[in-house]
Asks: 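Pasting a structure here, questions to come.
Numbers here are sequence positions counted from 1. What you are looking at is a predicted structure, and each value in this text was computed from that prediction instead of being measured.
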Amino acid sequence: MTDGVQELLLSRIRDVPDYPKPGVVFKDITPLLADPKAFTALTDTLAEGCARHGATKVVGLEARGFILGAPVAVRAGLGFIPVRKAGKLPGATLSQAYELEYGSAEIEVHAEDLRTGDRVMIIDDVLATGGTAGAAVELIRRSGAEVAGIAVLMELGFLGGRARLEPALRGAPLESLITI
């Protein structure tokens, strides 16, 4: 990714202080999504990563990973698979529980959507603590597919998600376009 693309993306991410609670600075990507030049640059950059890592499918993590992952899959000529919160998909699913800071959560994928031999790129907007992405890695492997890598728009480096994820990735790449 060129410095110009990174600057464009950064210029379209808005800081919202004290959201969702006092002391938090929320990184709002809706201005980036509203700008066709920035959204296209983001989509193209992520699609190039899919090609570079030999992905055959794209997984988007609920919910903003759907917004980013679906156009990336189309641009890269790959299938798109949503990974949803538990109870949102009809039919047979595979599920993976994971720990949150205060409790636990669970994600699911349709059991028939991933197969042995698939190489899956996981796409999301933000890597924070790595909990959801780590659960997605395990879910993909349990399906028989391989993890081609993880690509995110932003990594909140101060939360340590990369360090938590690296052992689970087993050498698969973790690419963030912007690190904060």
Side-chain angles (χ1 to χ4, degrees), residues 1 29 39 42-157 159-179:
M1 177 177 65
I29 68 167
F39 195 16
L42 173 60
T43 301
D44 288 347
T45 301
L46 293 172
E48 289 164 8
C50 289
R52 192 171 53 254
H53 298 298
T56 61
K57 299 256 174 89
V58 171
V59 155
L61 303 180
E62 189 166 340
R64 288 181 300 265
F66 297 173
I67 297 169
L68 303 184
V72 166
V74 168
R75 182 65 48 97
L78 305 174
F80 175 75
I81 299 160
V83 169
R84 306 270 338 245
K85 294 174 184 169
K88 302 286 185 177
L89 292 171
T93 60
L94 293 173
S95 64
Q96 181 69 43
Y98 61 102
E99 295 302 313
L100 298 169
E101 189 174 352
Y102 301 105
S104 62
E106 190 173 3
I107 55 174
E108 294 180 330
V109 66
H110 276 132
E112 71 274 4
D113 288 347
L114 294 171
R115 296 181 182 87
T116 301
D118 284 336
R119 289 188 43 81
V120 181
M121 182 65 76
I122 301 166
I123 304 278
D124 206 2
D125 66 328
V126 174
L127 173 64
T129 63
T132 306
V137 166
E138 294 308 313
L139 192 60
I140 289 164
R141 287 204 177 111
R142 286 185 38 235
S143 77
E146 293 178 55
V147 175
I150 297 176
V152 297
L153 169 59
M154 276 182 290
E155 178 178 346
L156 305 180
L159 292 176
R162 179 177 292 270
R164 286 185 199 94
L165 269 178
E166 282 180 340
L169 285 170
R170 302 180 201 154
L174 169 55
E175 297 180 350
S176 55
L177 305 185
I178 298 166
T179 300

Asks: Show the atom names and distances, to 0.1 Å, of all donor-acceptor pairs under 3.5 Å that link a side chain in residues 165-172 to residues at least two apart or in another chain.
Replies:
none

Asks: Tell me every residue that passes side chain to side chain contact (heavy atoms under 4.5 Å, CB included) with A63, counting only those two or more places apart in sequence or in another chain.
Replies: none
Asks: Not counting sequence neighbours, which residues clear salt bridge (Lys or Arg N to Asp or Glu O under 4.0 Å) with R164? List them please.
Replies: none
Asks: For F66 versus P71, what's the shortest heavy-atom pair and its separation?
Replies: O-CD, 4.2 Å
Asks: According to salt bridge (Lys or Arg N to Asp or Glu O under 4.0 Å), who are the partners of E112, at least two apart in sequence or on a separate chain?
Replies: none
Asks: Quick check against the 3.5 Å criterion: does H53 have a side-chain atom that pairs as donor or acceptor with the backbone of V120?
Replies: no
Asks: For T45, check side chain to side chain contact (heavy atoms under 4.5 Å, CB included) against everything at least two apart and list the hits.
Replies: M1, V5, L177
Asks: Under the rule for salt bridge (Lys or Arg N to Asp or Glu O under 4.0 Å), what residues qualify as partners of D113, not counting sequence neighbours?
Replies: none
Asks: With the side chain counted from C-beta on, respond yes when L139 and I107 share a heavy-atom pair under 4.5 Å apart, and no when they do not.
Replies: yes
Asks: Within this structure, what is the CE-CG distance for the pair M154 and D124, rounded to the nearest 0.5 Å?
Replies: 10.0 Å
Asks: Test of understanding: with side chain to side chain contact (heavy atoms under 4.5 Å, CB included), list the residues that count as partners of A86, not counting sequence neighbours.
Replies: E106, E108
Asks: Quick one: which residue pairs count as a salt bridge (charged side-chain N to carboxylate O under 4.0 Å, His left out) with a foot in residues 49-67, not counting sequence neighbours?
Replies: R52-E175, K57-D118, E62-R84, R64-D125
Asks: Report the residues that fulfil side chain to side chain donor-acceptor pair (under 3.5 Å) with T179, sequence neighbours left out, ordered by chain and then residue number.
Replies: S176
Asks: Tell me, which pairs form a salt bridge (charged side-chain N to carboxylate O under 4.0 Å, His left out) where one or both residues lie in residues 134-151, sequence neighbours left out?
Replies: R119-E146
Asks: Are V72 and C50 close enough, and set up right, to give a side-chain contact (heavy atoms from CB on, under 4.5 Å), and what steps lead you there?
Replies: CA-CA 8 Å; V72 166; C50 289; 3.8 Å; yes
Asks: Checking side chain to side chain contact (heavy atoms under 4.5 Å, CB included) against S143, which of I81, L114, V109 comes through?
Replies: L114
Asks: Is there a side-chain contact between H110 and P82 (heavy atoms, below 4.5 Å)?
Replies: no
Asks: Less than 4.5 Å apart, any side-chain heavy atom of L153 and any of I178?
Replies: yes
Asks: Residues two or more places apart in sequence or in another chain: which of them pass side chain to side chain contact (heavy atoms under 4.5 Å, CB included) with A151?
Replies: L46, M121, I123
Asks: Quick check on side chain to side chain contact (heavy atoms under 4.5 Å, CB included): which of L42, T43, V58, V152 does L68 satisfy it with?
Replies: L42
Asks: Out of curiosity, I140 CD1 to I150 CD1, how far, rounded to the nearest 0.5 Å?
Replies: 8.0 Å
Asks: Check T132 against Y98 and note the closest heavy-atom contact, atom names and distance.
Replies: OG1-OH, 3.1 Å
Asks: How close do P173 and A148 get, heavy atom to heavy atom, and via which atoms?
Replies: CD-O, 3.2 Å
Asks: Tell me the closest heavy-atom pair linking A136 and L61, and the distance in Å.
Replies: CB-CD2, 3.7 Å
